[in-house]
Amino acid sequence: MDILNSYTFAFLISVCVTILSTPLMKQLAFKLNVVDKPDHDRKVHDNIMPYMGGGAIILGFIAGYIYLQPQFQFMTAFLIGAGIIALTGFLDDKFAISPKLKLLGQIMAAVIVVSSGIQIEFIRIPMIGEIHFGWLAIPFTLFWIIAITNAINLIDGLDGLATGVSSIALTSIIIMSALNNQILPIGLSVLLLGGTLGFLLFNFNPAKIFMGDTGSLFIGYALSVISILGMFKSITIFSLIIPIMILAVPIFDTSFAIIRRLIKKQKISAPDKSHLHHHLLNIGFSHKTTVLIIYIISAFFGFSGIVFSRSVLWGSLLFLVLAVIMFQFTMEIIDVLNKRRKPILNTVKKVILNQSSSRGK
């Protein structure tokens, strides 16, 4: 009960500090000219918007952390890495640094975390046994941290999208960690969830402020490390899949974006409007409805991850296959609707014009 009370109070501190500091961050963003200008190649908003909302999320996390004071050997490395990530994000928000410098900051943070001992060293496959990665554990863990960090960053394209999807993922992680009695992931997830939910009050459509790369990189980094500390502590092939399921929307959306740009012979960092949320907008869904649809998809995969973790071997495999098929089916429907949208609209326009002409005669 004491632990539950401590986590609840830490969550409330994180929420309150984030809510109180967000308006201050908004004013500071305009003073420092840390703003997001319209860019029709990759963005959907038409007005100048203040960044630095991520600073409020970080302040909320830090305030809750000071109260909770989790005593674990990896915390120093985690916090140093978080500082580097936050600085990298702020520099990108302010000066729009090159993708290479942005990646360098992420690599530095990931190296510090991995050097502290947080590594994915092996997986345990039923009926086969343990498979140790050896020296590959280092690059594999580095890849995981950098990949999840960028995945959250890349889906931050609509009001409240990345914040809400991250909140759903964090809620799933908290439930799974509680079921497995893993204290550290619960504590860190609760602190971060307080920040994301507090900020969502200002970031949901119509947004009053954006969290910028400061926020999206910090959330992605924290999620990647939390998932390692929790899911990979006693890693099996299933615990390797579970974080992928919980973070399915940002992971799949980012993977498809990379594949799409490689096929088009574009730079991986090249902007486009072919992400999942862009397709939903093109079909005709409103900004708010598009975000809510992606929330539902994220919640489905979060629930799938929880069920997956509690299922037997064959039941888990079946559930995974069904989840992947459902996601692919959804993407196919979106693609078909997107392709048919213009012909349907043209037909409707012709009918309306013909009726107008007939009445005119």
Side-chain angles (χ1 to χ4, degrees), residues 1-22 24-25 52-90 108-119 141 145 148-149 152 163 166-167 169-201 211 214-234 243 246:
M1 186 60 68
D2 289 339
I3 294 178
L4 179 60
N5 290 336
S6 296
Y7 284 170
T8 301
F9 198 63
F11 170 79
L12 293 175
I13 290 174
S14 181
V15 170
C16 292
V17 171
T18 301
I19 292 174
L20 292 173
S21 60
T22 298
L24 300 177
M25 286 295 172
M52 292 187 67
I57 296 174
I58 295 172
L59 286 177
F61 181 90
I62 292 173
Y65 183 91
I66 291 173
Y67 166 77
L68 199 59
Q69 294 185 357
Q71 301 296 322
F72 291 94
Q73 58 178 329
F74 306 118
M75 285 298 94
T76 301
F78 171 79
L79 293 176
I80 293 174
I84 293 173
I85 283 290
L87 178 60
T88 301
F90 175 76
M108 289 173 61
V111 167
I112 289 173
V113 170
V114 172
S115 299
S116 71
I118 301 177
Q119 296 179 18
T141 310
I145 295 173
I148 300 302
T149 300
I152 300 300
T163 317
S166 299
S167 298
L170 286 164
T171 302
S172 302
I173 291 174
I174 290 171
I175 294 172
M176 290 195 58
S177 299
L179 292 173
N180 291 287
N181 297 315
Q182 295 174 327
I183 303 300
L184 179 56
I186 296 175
L188 295 179
S189 297
V190 163
L191 298 179
L192 188 57
L193 181 62
T196 56
L197 289 179
F199 182 68
L200 193 58
L201 295 175
M211 64 178 171
T214 306
S216 60
L217 290 179
F218 175 78
I219 292 172
Y221 163 81
L223 271 171
S224 68
V225 177
I226 289 170
S227 65
I228 295 173
L229 292 174
M231 312 306 176
F232 296 137
K233 188 173 181 181
S234 298
I246 290 175

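On a predicted model such as this, the values are computed, not experimentally measured, just so you know. Numbering of residues begins at 1 and proceeds along the displayed sequence.
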| query | Does I62 have any side-chain contact (heavy atoms from CB on, under 4.5 Å) partners at least two apart in sequence or in another chain, and if so, which? | reply | I58, I66
| message | Can you list everything that forms a side-chain contact (heavy atoms from CB on, under 4.5 Å) with Y67? Sequence neighbours excluded, please. | response | S6, F9, A10, I13
| field | Inter-residue atom distance L229.CG - I118.CD1, 0.5 Å rounding | value | 4.5 Å
| query | Would a 4.5 Å heavy-atom cut-off, applied to side chains only, mark I228 and I145 as touching? | reply | yes
| query | Which atom pair, heavy atoms only, marks the closest approach of A109 to I85? | reply | CB-CG1, 3.6 Å
| query | What's the shortest heavy-atom distance between I57 and G195, and which atoms? | reply | CG1-O, 3.8 Å
| request: Apply ring pair (Phe, Tyr, Trp, His ring centres under 6.0 Å) to F61 and list each qualifying residue two or more places apart in sequence or on a separate chain. | output: F218
| I3 vs I186, side-chain contact (heavy atoms from CB on, under 4.5 Å): CA-CA, chis, key distance, verdict | CA-CA 10 Å; I3 294 178; I186 296 175; over 6 Å; no
| said: Tell me every residue that passes side-chain contact (heavy atoms from CB on, under 4.5 Å) with T163, counting only those two or more places apart in sequence or in another chain. | reply: T196, F199, L200, N203, M211
| request: Locate the shortest heavy-atom distance separating S227 from S224; write the atom from each residue and the value. | output: OG-O, 2.7 Å
| Validation row: S116, T76 side chains within 4.5 angstrom (heavy atoms) | no
| What pairs with F11 under ring pair (Phe, Tyr, Trp, His ring centres under 6.0 Å), at least two apart in sequence or on another chain? | none
| said: Any side-chain to backbone donor/acceptor pair from Y221 onto F78? Under 3.5 Å, distance only. | reply: yes
| field | Beyond-backbone contact of M75 with L184, side-chain heavy atoms, under 4.5 angstrom | value | yes
| field | Backbone of L191 reached by a side-chain donor or acceptor of S14 within 3.5 Å | value | yes
| request: Applying side-chain contact (heavy atoms from CB on, under 4.5 Å), name anything that partners I112, two or more places apart in sequence or on another chain. | output: A77, I80, I84
| Pick from V190, L188, I226: which one makes a side chain to side chain contact (heavy atoms under 4.5 Å, CB included) with I174? | V190
| request: Say whether, by atom type as modelled, one donor and one acceptor occur between the side chain of T141 and the main chain of Q119 under 3.5 angstrom. | output: no
| message | With a 4.5 Å cut-off on side-chain heavy atoms, are L59 and T18 touching? | response | no
| remark: Between I173 and S189, the two heavy atoms sitting closest are CG2-OG, 3.5 Å
| note | For L192 and A222, the nearest pair of non-hydrogen atoms, with its separation, is CD2-CB, 3.6 Å
| message | Looking at every heavy atom in both S167 and L197, which two are closest together, and how far apart are they? | response | OG-CD2, 3.7 Å
| task | Mind checking the CG-CE spacing from L87 to M108? Nearest 0.5 Å is all I need. | result | 9.0 Å
